[in-house]
Amino acid sequence: MAETTNPPIPDLADLQHWTWVLGRAQQMMLEHGFDMMEHMPGAAAPFGAPAFPAMLGPGAAVKATTDFWSDTMKLWQRFLDPQHAEPFEETAEQARDKRFKAPQWREEPLFDFLRQSYLVIADHMLRGVDALDGIDARQKEQVRFATRGFLDAVSPTNFPATNPEVLEKIVETKGESLLKGLSNMMGDMARGQMTQTAEGVYELGRNLALTPGKVVKRTPLYELIQYAPAEGAKEVYATPLIIFPPWINRYYILDLNPEKSFIRWAVEQGITVFVVSWKSADATMKDVVWDDYVEQGQIDAIDTVRDLLGVKGVHAIGYCVAGTTLAATLAVLHARGQAEKVKSATFFTAQVDFADAGELSMFVDDDQLAMIRSLGTEGFLDGRYMAATFNLLRGRDLIWNYVTNNYLMGKDYAPFDLLHWNSDVTNLPARWHMSYLTDLYRDNKLVQPGALAIGGTPLDLSKVATPTYVQAGREDHIAPAESVWKITHYFKGPLKFVLAGSGHIAGVVNPPSAQKYQYWTNSAKAGTLAEFFAGAKETKGSWWPDWLAWLQDLDAAKTPVTGARVPGGGKLEALEDAPGSYVRMR
């Protein structure tokens, strides 16, 4: 029988050293503020927070230090004399922490001590942020964001010597796991982007973006894809649908696979569907600004579909940043007396009022904007920077999870179509990106009548009377539901707000067949999201059928499937099969 070898575990000196490191980290925070955050890549350089003592005040600082050392002594009592010490009481959030789900973190006294010490120190540091005085709410959120980022980085799960699963894997594989993990890390460093899913598994047109369609128009800014009617369909809704996905991502999030595809589902409901596939920016797009995405992007695509099918207006969907742009497009059309071009507008997790835009606003101040400006010297911003920013918003899941599993433990990457799409980055026009961050995120001009103009036409959202359907994700960390809700304060036309379960992606991509999550509706007038939710009706499953019923109530007229209703059957020839060329550009 082969001899079994227990994995090496830290001795008492190692634990004392680890406790000292974490304790010293907190002490440095208290003494020097968060200047150390400047050394974290991309995370907290813009957050020049003042030092803690001045903000806490003498009494609060003494109490914070006393409470910390009291809890530290209890830690040692539990470690040295567990039978007579107070038990460690976890909060509900700590009990759910997936980083410590392995049984060794509770069953092995040494690792249990590491876990407890880390959680205690993390709790004290975050409570210290909450107790800060003398700074505004935005500064406090910046400090909290930076603190969470630091704490996620120094978790004992992220270091080989203090992670029992990593140690066991090293012994089990005779060190090969570390070599494989090193190879994973070096590969990511070489390509400048963290791997999140297995490579080579997914391919556009093979197992992604499979809904049949044709590219019927190509411009320097976008390709227009028209999808074929459902097989056997004799008639379709007379008013077509045009979808504007965000150009910070690839459009096929709405056509991942046949089971998850919003596009395929809409086609199967009898809707003539068009989708804009934006071009990933390159040096030729150095002069592209927001006006271009409105005039040469959305309005041009709307006019193209109207002319192709001979209809007065279209239904339009704007997702995220393209939804923000759709709001500007509606304001332009209303100001020009052309509101009939859009019969209805649907917004997927889109913001127009950026006063409370969530954690992304933490990356918008003068220092951060100067840094971003320096990255776009060739006329475009490399999409990997934007991907890194989004990863930082959920660093525990989207960064350190992969550091532990794939770098330290050398695990294989699991195939996941959503993460493949998430890693499929697009470049952004530098001028547009800077103006978007300054005019909207920083200065919140879109909701100020006349503060912005498109093609010389001043924008005033309060003039928009288009029937509108607004969807928000209850757990959205990119476009928070409270921020999306604010669109209800500006448009004057009939509006339906729907709060969906889950977040920015899963809250949208939730087909009825999945029977997942839920959504809330409330026909009563509500001034705040809290009021809306208090009186809302919860419905299990997908909100897609609710949207379809809303659309049918607006316009249920049908037309035969002939001529231009088939891609390439009208005045626009089919250029190539969907998903087209722009979505493949890297």
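Excluded from the calculations below are hydrogen atoms, water molecules and symmetry mates; all remaining heavy atoms, backbone and side chain alike, are included.
- A donor-acceptor pair shorter than 3.5 Å can be found between the side chains of Arg336 and Thr457.
- Among Trp550, Phe497, Tyr519, Phe347, the one residue that satisfies the ring-ring contact (aromatic ring centres under 6.0 Å, His included) test with Tyr469 is Trp550.
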Taking distance alone, no hydrogens or angles, what donor-acceptor pairs closer than 3.5 Å link side-chain atoms of residues 552-560 to residues at least two apart or in another chain?
{"from": "Gln552", "atom 1": "NE2", "to": "Tyr237", "atom 2": "OH", "distance (Å)": "2.5"}
{"from": "Asp555", "atom 1": "OD1", "to": "Ala557", "atom 2": "N", "distance (Å)": "3.3"}
{"from": "Asp555", "atom 1": "OD2", "to": "Thr239", "atom 2": "OG1", "distance (Å)": "2.4"}
{"from": "Asp555", "atom 1": "OD2", "to": "Lys343", "atom 2": "NZ", "distance (Å)": "2.8"}

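- In this pair, Trp247 and Trp432 present their aromatic rings perpendicular. The plane angle is above 60°, beyond the 30 to 60° band.
- A donor-acceptor pair shorter than 3.5 Å can be found between the side chains of Thr304 and Lys217.
- The shortest distance between side-chain heavy atoms of Leu224 and Val305 falls below 4.5 Å.
- Side chain of Gln298 to backbone of Glu295: no donor-acceptor contact under 3.5 angstrom is found.
- Between the side chains of Thr349 and Gln471, no donor-acceptor pair is found at a separation under 3.5 Å.
- Ring geometry for His420 against Tyr202 counts as tilted: the plane angle lies between 30° and 60°, on a 0 to 90° scale.
- Between the side chains of Asp188 and Tyr402, no donor N or O sits under 3.5 Å from an acceptor N or O.
- Between Arg306 and Glu340, none of the side-chain N atoms (NZ, or NE/NH1/NH2) sits under 4.0 Å from a carboxylate O, so this pair counts as no salt bridge.
- A donor-acceptor pair shorter than 3.5 Å cannot be found between the side chains of Ser542 and Asn510.
- Under the 3.5 Å distance criterion, with hydrogens and angles disregarded, a donor-acceptor pair is assigned to the side chains of Asp255 and Thr211.
- Counting heavy atoms from C-beta outward, Phe348 and Ile317 have side chains that approach closer than 4.5 Å.
- Residues that satisfy the salt bridge (Lys or Arg N to Asp or Glu O under 4.0 Å) test with Asp424, not counting sequence neighbours, are Arg250, Arg586.
- Comment: Arg218 engages Glu223 in a salt bridge, judged by a side-chain N to carboxylate O separation of less than 4.0 angstrom.
- Using a cut-off of 4.0 Å between Lys/Arg side-chain N and Asp/Glu carboxylate O, Arg442 and Asp439 are scored as not salt-bridged.
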